[in-house]
Amino acid sequence: YAMLMFFDFFFKSCMMLPYLEFLKSSGISVRFFRIVFHTTSFNRYLQKFCSRLPSLYRHSFKFGCYVTLLLFPVALCLLLGSIFSSSTSYENETSISGDKTTSTSEATRLEILLPGVNLPLNEIGYYIFSLLICSVVHELGHGIAAILDDVSVTGFGVQLMFIVPVAYTEIDSESMLQAKFWKKLKICSAGIWNNILLAGFCWFLLLLIPILLSPIFVSNEAVFITKIKPKAPVKGENGLYVGDSVTEINNCRVTNEEQWLKCLSDSIIHHPAFCVSEDFVHDNEESIHEVEHGKDGSVVTCCPVNSALNCFENLDEDRLPQYVCLNIRNTVEHSKQYCHKSTCAEHTSCIKPVLPNSTTIIHIKRKNRVKDVVYYGHPQDILRYVSVSDYVPKTKIFEPWLGDSITLMLKYITVFSSGLAIVNSLPCYGLDGQLLVNALISNLPSSIGKNKKELISFAINLIGSSALFVAIVKIIYTTF
């Protein structure tokens, strides 16, 4: 931006005519940390658009006006909740793509989303593009409503503020002042209503995505391994491969990425136990004579030094020794079912692996391979080194990133569009809420003087702006 401003100043100072002509013809101007594009050529296209279904648009904006007024208290409650909430979870990185597990009971709140701070930096393209779409749709609402109500629109534009794209509609201030009360309300609330419609439309598309992409992808049946980092411990001859379709982890059904994360998390909390036949234990047991105990009395091992072996505790004490040493893979593959204490069939025993710290045995079943993966280690290793997708391609022509990209973009637009609708409905300076408050207060009975009305509008907007400022400061403080 410094370079742009320097050359802009230099070319203008030298009266370089080609550059000045370019700025004039393109409508581009360079300002402090901003690049602004302004045009009036879009007006006639918007006039044609409004002339097609004017009655439908008028009824839509009228209904949207009521919805926006109802959104007032909701937005205020969210703002106050953000100020007085004691939550410190802002500091955790949150991916809109859902890469990290989040509690479904977590309260809705206002939050500043910044790439590289609390959003993955590799999603910056989705961030900018979705903001641009939401901003353009918002401003188109103002423009369409103004044209329908015979209020003069003088131009449209987009400005890139650092990396954030912001669209704007330029409405003639004199025409706006002379407009009637309901016309003002409809024009001011039209942008918010458009954002609500956009968020609802994208949310609906998200629900239909599995059906819309069903000709090329299989959804809600498995997760597709898209990437495994080079030094991943889960790689190897008997490990995971890119292109595997995982259907189950430790008897936990995996149908999508959310279930993949849940099943891996559950494997930390609930260590698996296996039902094995007594004959299998007698034929494969490799225990040493003395069981080694830790300082706290816990069993450390009952096996000789061999990474393929592990000590298992017998939960059916009457049938087998309390501790037996078995091959991990053979035990998992031979297991008839998972168990908890004495829930196994006759002539089988429930044995549970003796595991240090948060290490566990993870049994992964795959749709496209006969041999299962048996991993002995920490589930976090799989989360750290393995990337998955909800979309399993039906052919090799289409890659899972296509479905993931469409889904992620829809999620970004849904979140940002609903966020813009809520924030813009707040009674704050510079937002649509300020204009709505001014219009509402100006329509109070004439017995209240003009000065009092202006004072009431000023007080409401000042309080709203101060509350938003406090909320932003708190969010920034807890984030950084």
Side-chain angles (χ1 to χ4, degrees), residues 99-101 222-254 257-276 284-288 291-294 296 298-313 315 323-335 337-340 350-389:
D99 290 339
K100 296 196 175 183
T101 52
V223 293
F224 188 82
I225 305 294
T226 57
K227 184 182 178 182
I228 303 176
K229 292 182 181 178
K231 294 184 179 180
V234 77
K235 285 181 75 174
E237 184 181 350
N238 297 320
L240 290 172
Y241 291 87
V242 172
D244 284 349
S245 299
V246 177
T247 58
E248 199 173 290
I249 297 175
N250 286 1
N251 209 31
C252 175
R253 189 81 175 89
V254 177
E257 189 175 354
E258 185 179 347
Q259 283 298 113
W260 160 267
L261 295 170
K262 181 181 180 299
C263 291
L264 284 173
S265 300
D266 287 346
S267 68
I268 302 174
I269 303 167
H270 307 291
H271 293 301
F274 310 95
C275 290
V276 294
N284 294 275
E285 204 233 339
E286 299 183 35
S287 301
I288 56 179
V291 177
E292 295 182 16
H293 294 269
D296 59 351
S298 61
V299 174
V300 175
T301 184
C302 61
C303 294
V305 180
N306 189 337
S307 60
L309 302 176
N310 195 76
C311 189
F312 289 81
E313 181 183 3
L315 301 181
Y323 297 101
V324 292
C325 178
L326 297 169
N327 181 282
I328 299 171
R329 172 171 284 279
N330 292 343
T331 303
V332 174
E333 290 178 347
H334 177 81
S335 172
Q337 65 182 70
Y338 290 85
C339 60
H340 178 68
C350 184
I351 59 172
K352 185 177 182 179
V354 178
L355 302 166
N357 301 324
S358 53
T359 304
T360 188
I361 294 174
I362 301 173
H363 182 201
I364 301 174
K365 291 187 177 182
R366 297 170 290 182
K367 189 177 182 180
N368 57 328
R369 298 184 189 273
V370 177
K371 198 169 187 178
D372 298 339
V373 175
V374 179
Y375 178 67
Y376 177 82
H378 199 291
Q380 190 65 36
D381 294 336
I382 299 177
L383 287 172
R384 189 182 297 114
Y385 290 100
V386 180
S387 300
V388 299
S389 170

Do Tyr375 and Pro233 have side chains that approach each other closer than 4.5 Å (heavy atoms only, starting at C-beta)?
yes

Donor-acceptor pair, distance only, cut-off 3.5 Å: does the side chain of Ser265 make one with the backbone of Leu261?
yes

Give the C-alpha distance, both sets of side-chain angles, the deciding distance and a yes or no for side chain to side chain contact (heavy atoms under 4.5 Å, CB included) between Leu264 and Ile249.
CA-CA 7 Å; Leu264 284 173; Ile249 297 175; 3.9 Å; yes

So does Lys262 pair up with Glu258, basic N to acidic O under 4.0 Å?
no

Just how far is it from atom CG of Leu383 to atom NE2 of His378, taken to the nearest 0.5 Å?
9.5 Å

Are the aromatic ring centres of Phe274 and Tyr338 under 6.0 angstrom apart?
yes

Nearest-0.5 Å distance that lies between atom NE2 in His271 and atom OG1 in Thr359
8.0 Å

As a quick check of understanding, evaluate side chain to side chain contact (heavy atoms under 4.5 Å, CB included) for Phe312 and Val276, giving each step before the final call.
CA-CA 11 Å; Phe312 289 81; Val276 294; over 6 Å; no

Taking all non-hydrogen atoms of both residues into account, name the closest pair between Cys263 and Val254 and its distance.
SG-CG2, 3.9 Å

State whether the side chain of Arg366 and the backbone N or O of Thr247 hold a donor-acceptor pair below 3.5 Å, judged by distance alone.
no

Donor-acceptor pair, Thr226 side chain versus Ser387 backbone, under 3.5 Å?
yes

Ser335 side-chain N/O to Val332 backbone N/O, donor-acceptor pair under 3.5 Å
no

Can you name the closest pair of heavy atoms from Pro304 and Glu286 and give their distance?
CD-O, 3.3 Å

Begin with the C-alpha distance, continue with both residues' side-chain angles, and end with the deciding distance and a verdict on side chain to side chain contact (heavy atoms under 4.5 Å, CB included) for Val246 and Ile225.
CA-CA 8 Å; Val246 177; Ile225 305 294; 3.9 Å; yes

I'd like to know if the side chain of Asp372 and the backbone of Lys365 have a donor-acceptor N/O pair within less than 3.5 Å.
no

Could you tell me whether a side-chain N or O of Tyr241 sits under 3.5 Å from a main-chain N or O of Gly236, the two making a donor and an acceptor?
yes

Identify the residue among Val386, Ile362, Asp381 that makes a side-chain contact (heavy atoms from CB on, under 4.5 Å) with Val234.
Val386

Point-to-point distance, once rounded to the nearest 0.5 Å, from CD1 of Ile364 to CZ of Arg369
12.5 Å

Does some side-chain heavy atom of Thr360 sit less than 4.5 Å from a side-chain heavy atom of Ile268?
no

Can you tell me how far the CG atom of Asn251 sits from the OG atom of Ser267, to the nearest 0.5 Å?
13.0 Å

What distance separates His334 NE2 from Leu326 CG, expressed to the nearest 0.5 Å?
10.0 Å

Between Asn250 and Cys252 (side chain of the first, backbone of the second, donor and acceptor by atom type, cut-off under 3.5 Å), is there such a pair?
no

So do Cys325 and Cys311 have their SG atoms closer than 2.5 Å?
no

Nearest-0.5 Å distance that lies between atom CD in Glu333 and atom NZ in Lys371
6.5 Å

Side chain to side chain, Asn284 and Asn327, heavy atoms closer than 4.5 Å
no

